[in-house]
Every structure is written in structure tokens, then in C-alpha cells.
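Note sheet for the following structure.
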Amino acid sequence: MAQQTKVGMVKEKIKEWIVDGKVLPGEKIYSENELVKMFEVSRHTVRQAVGDLVHDGWLYREQGAGTFCSTQLIQGHPQSRRDAAGKTIGVITTYISDYIFPSIIKGIESYLTTRGYSLTFACTDNDPEKEKQCIETMINHNIDGLIVEPTRSSSYNPNLHYYLEMEQKNIPYLMINQFYPQLNPVSIILDDEKGGYIATDHLIKQGHKKIIGLFKSDDLQGLNRMQGFIRAFRENNIPFFPDMFVTYTTEEKDFIFKLMTLLQDSSTRPTAIVCYNDEVSLQVLNLLRDLKIKVPEQMSIVGYDDSYLAEASETKLTSVTHPKTDMGIEAAKWIVDAVEKRENEEFKNKQKVYDPKLVIRKSTATVSKPAVERKQVII
């Protein structure tokens, strides 16, 4: 049976359970291992099927708890729902099915539902054309407010006029994680420049001098983290060197090949890597494993977002924190206040900025001590 056919079979059976009421909204579905045995398919097939159902709104994930039937169902089908309050908030993210986004959405939903608001979700896959379609749909459905994560925020966005149209129609909107500078919108962000700085400074304090920064270049988050990376070098008087940056974009995800070239050459090989996020860090860990480079004995790695992925591998990742659920709750509070025309003291300057912290785990170690001693000092 072809891979896609198997995926489709698993998806249809899970949807059948939901439609028939065998799995109710809010109930946990079978574990990944149980689904593998039940359908006699590979773990990859189950993950793809469940990921598709999360993306389509049938299921949602809770970090550390499992996968659950969506609470946003009407007659067994995912869709937005209006309740007695008659108010609907649109939520647009770049991605929705994996990583930190379910936690952000959970925070948004947990607050809005207590206030009698309903939600409608969409994701852009970090594509401006899809963002256009999402915004048009939201406006046509008469949303009362919009929470949006911008698409490719490091460059000019062709959809700015839609946000200006919402302003003219008095539809409040708020941006999370990043923002379009041209609009100067209300936004909730993490201090990513500081995040990049503390990640790099930690490695420098451990004795690393040849550190590579691996950053996404078509999002403001990546550029700001890179800025912090550079500041750490400057403030610690560490010399810059060629190939200290490996960058990639949404379409051009060839950073593993670029990094592999640097790691195979002993003259360019660093002793540490600062990664754009935890997802990237896991890919780097896999590459290092293939190249038989030990972490942290021969290479230290710092991730970003302190997601569930930071503890998903054998080597637990040192990672910069991201507020996730708290960011979602704060976004929901502001949008409700804006819809109900109340002032929010948290946003006097139109922006709330979270302060990142570094969670130190076992993927980083001091370069000047032997491996046995390093293991003793890292908790």
C-alpha cells in the first residue's frame, strides 16, 4: 500500500471515530504506539496522519499530555462557532500543527472562551499569497478582531493594505512574535536580540571562541537573534571569522548541507553552534550524530524557544525560553479589550516585550575541561 494511501486510511478512520461520537471533543485519542499497532503502519505514517488532522482542525496537541479531539467541532466537523456573545476572533499563524504554535493557540483559546468569544483559525505556511487569502476570508466572515503572526517579516509585505483596511473598518488587530514595522502595530514579542545574545554569551563564557550562528533570514526573529549573536562577540572581544553565519529562508532550507561542509573541514570546524530554534537544533544533532561528532564533548549546541523538542532527544538541549501560552493569553486579553473598547495598561507603548531566559541542559559544556569533568558540572 502506498504511503499516502496509508496516511489517508488512518486519517479517515480517526475522523470516523469523531463523527460517530466514539471520541468526544476534548477527549484524548490513542497514543502513537497504539495507533501504530492498531493500523499496522509505520510510526512515520501515524505522525503524518495525526499532523494533517491537527492542521485541519480535527485534533489538537498539548505538550506533554498527548493529542485530543478538537473542541471547535459542530456536528463532528471542524469549523468556527459563534456562541451567545456573537463575537469571533480570527487567529492567523505561520504554522499551526507543530512546534510552539499549539501552545500559543491554547493560551488564546483558554481566555477567549471564558469571555464568550469564539475563534476561527488559519495558517499561512509563511507564504504571503496564503496570508492574503487568509485575511480576505477573515474580513469576509466579519471577524470582530484579529491576532496574526506576520509572514516573512524581514522584507516588505504586499498585504499591508488589508491591515489598513481593517483599521478603516475599526477591526482591531494585534501581531505576535514579530510585526510589520511599516504599520507600527500593537504587538507582543520576545526580546529576540537579547535571546541571541544570552545564548552566544553562555557559550563564550564556557570558553568557546569559534561559534557558528544558524539563522533564518526572512523573518525578523532570525535577524534579531543574529544581531544578539554579533553583540555577544563584540562585547566579549571575540574575533569574527569567515563563515560564522549559516542562513536559510522558508524555501531554501539547505542549511544542513552548508553546515556539513563546514563541519567536515577541520580548518573551519567550530566548537559550538547557536541555532535559530529547537527544530533546527534537532536537525543539527542528527547531522552531528551522522558525522560522529559528540555533543557536548566535541560540539556544544544552543536551541531557541525551549519547546518540547528541547527534551525530545537523548541529548537535552540548552535553549532560550519563549512565553508560548502566556503570549497567547496576553494577546487574547488585548483583543477582547480592544473589541470592547477598553484601555489595556500593558500596552501603553503599543508593545509588550517578554524577557527571555536561558535554560541550561546537557548540550553545552566548557571547552577547557575534559569530557568526564564536564559531565559532572552540567545538570
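Positions are given from 1, in the same order as the sequence printed here. Treat the numbers as computed from the prediction; the structure is a model and nothing was measured.
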Residues His322, Ile104; criterion side-chain contact (heavy atoms from CB on, under 4.5 Å); working and verdict: CA-CA 10 Å; His322 185 289; Ile104 295 173; 4.2 Å; yes
Polar side chain donor-acceptor pair, Thr88 to Ser118, under 3.5 angstrom: yes
Val320 side chain near Asp305 side chain, heavy-atom distance below 4.5 Å: no
Cation-pi, Phe39 ring and Lys13 (6.0 angstrom, 45 degrees): no
Derivation and outcome, side-chain hydrogen bond (donor to acceptor under 3.5 Å, both in side chains), residues Thr318 and Thr364: CA-CA 7 Å; Thr318 295; Thr364 55; 3.1 Å; yes
Heavy-atom side-chain proximity of Ile189 to Asp191 below 4.5 angstrom: no
Spacing of CD1 belonging to Ile198 relative to CG belonging to Leu358, to within rounding of 0.5 Å: 5.0 Å
Test item: Leu119 and Phe121 side chains (from C-beta on) under 4.5 Å apart, heavy atoms: yes
Atom of Thr315, atom of Val295 and distance for their closest heavy-atom approach: CG2-CG1, 3.8 Å
Nearest atoms (heavy-atom pairs only) where Gly90 meets Met138: CA-SD, 3.7 Å
Over all atoms of both residues, closest heavy-atom pair of Pro270 and Ile212: CG-CD1, 3.6 Å
Name of the residue among Ile188, Ile100, Ile108 meeting side chain to side chain contact (heavy atoms under 4.5 Å, CB included) with Met327: Ile188
Note, Leu214 side chain near Val274 side chain (heavy atom, < 4.5 Å): no
Sole residue of Tyr276, Tyr248, Phe255, Phe229 in ring-ring contact (aromatic ring centres under 6.0 Å, His included) with Phe215: Phe229
Taking every non-hydrogen atom, the tightest pair across Tyr60 and Cys69: CE2-O, 3.2 Å
Test item: Asp219 side-chain N/O and Gln221 main-chain N/O as donor-acceptor pair under 3.5 Å: no
Tyr163 side, atom OH; Ile135 side, atom CD1 - distance, nearest 0.5 Å: 3.5 Å
Salt-bridge contact Asp201-Lys205 (side-chain N to carboxylate O under 4.0 Å): yes
Gap separating the CD atom of Glu136 from the CG atom of Asn159, nearest 0.5 angstrom: 8.5 Å
Check: Leu317 main-chain N/O paired with Arg361 side-chain donor or acceptor under 3.5 Å: yes
Student check: side-chain heavy atoms of Ile143 and Thr120 closer than 4.5 Å: yes
Within 6.0 angstrom of Tyr30 OH, more than 12 heavy atoms from elsewhere: no
Distance (rounded to the nearest 0.5 Å) between Leu285 CG and Met299 CE: 11.0 Å
Lys/Arg-Asp/Glu bridge criterion (N-O < 4.0 Å) met for Glu12, Lys15: yes
Rounded distance (nearest 0.5 Å) linking atom CD1 of Ile273 with atom CD1 of Ile211: 10.5 Å
Donor-acceptor pair, side chain of Lys11 and main chain of Lys6, under 3.5 angstrom: no
Shared hydrophobic cluster, Tyr180 / Leu223 (ILVMFWY, side-chain heavy atoms < 4.5 Å): no
Side-chain (Lys341) to main-chain (Ala338) donor-acceptor, under 3.5 angstrom: no
In one Ile/Leu/Val/Met/Phe/Trp/Tyr side-chain cluster, 4.5 Å: Phe245, Val284: yes
Heavy-atom side-chain proximity of Ile89 to Leu146 below 4.5 angstrom: no
Beyond-backbone contact of Thr45 with Ser42, side-chain heavy atoms, under 4.5 angstrom: yes
Shared hydrophobic cluster, Leu262 / Ile293 (ILVMFWY, side-chain heavy atoms < 4.5 Å): yes
Closest non-hydrogen atom pair between Lys350 and Asn184, with its separation: NZ-O, 2.7 Å
Presence of salt bridge, Asp254 and Lys258, under 4.0 angstrom: yes
Salt bridge flag under 4.0 Å for residues Arg115 and Asp337: no
Minimum heavy-atom distance Ile301-Cys275, with the two atoms named: CG2-SG, 3.9 Å
Ser103 side chain to Lys324 backbone, donor-acceptor under 3.5 Å: no
Full working for side-chain hydrogen bond (donor to acceptor under 3.5 Å, both in side chains) between Tyr304 and Asp192: CA-CA 10 Å; Tyr304 206 107; Asp192 283 305; 2.9 Å; yes
Any pair counted as salt bridge (charged side-chain N to carboxylate O under 4.0 Å, His left out), so long as it reaches residues 166-178, sequence neighbours left out: Glu165-Lys169
Ionic contact status for Glu193 with Arg231, cut-off 4.0 Å: yes
ring-ring contact (aromatic ring centres under 6.0 Å, His included) between Trp334 and Tyr173, worked out: CA-CA 9 Å; Trp334 183 86; Tyr173 64 89; 8.2 Å; no
Pairing residues for Asn33 by the side chain to side chain contact (heavy atoms under 4.5 Å, CB included) criterion, not counting sequence neighbours: Ser31, Arg43
Under 3.5 Å, side-chain donor or acceptor atoms of residues 147-154 against the rest of the protein: list the pairs with distances, not counting sequence neighbours.
from   : atom 1 : to     : atom 2 : distance (Å)
Glu149 : OE1    : Thr94  : N      : 3.1
Glu149 : OE1    : Thr94  : OG1    : 2.5
Glu149 : OE2    : Asn177 : ND2    : 2.9
Thr151 : OG1    : Thr124 : OG1    : 3.2
Arg152 : NE     : Asn126 : O      : 2.8
Arg152 : NH1    : Glu251 : OE2    : 3.0
Arg152 : NH2    : Asn126 : O      : 3.3
Arg152 : NH2    : Glu251 : OE2    : 2.4
Ser153 : OG     : Gln178 : OE1    : 2.4
Ser153 : OG     : Leu220 : N      : 2.9
Ser154 : OG     : Ser217 : O      : 3.1
Ser154 : OG     : Asp218 : O      : 3.1

Glu279 versus Tyr99, side-chain donor and acceptor atoms under 3.5 Å: no
Check: Thr137 main-chain N/O paired with His141 side-chain donor or acceptor under 3.5 Å: yes
Ion pair check, Asp355 and Lys357, cut-off under 4.0 Å: yes
Pairwise side-chain contact, Glu131 with Asn157, heavy-atom cut-off 4.5 Å (strictly under): yes
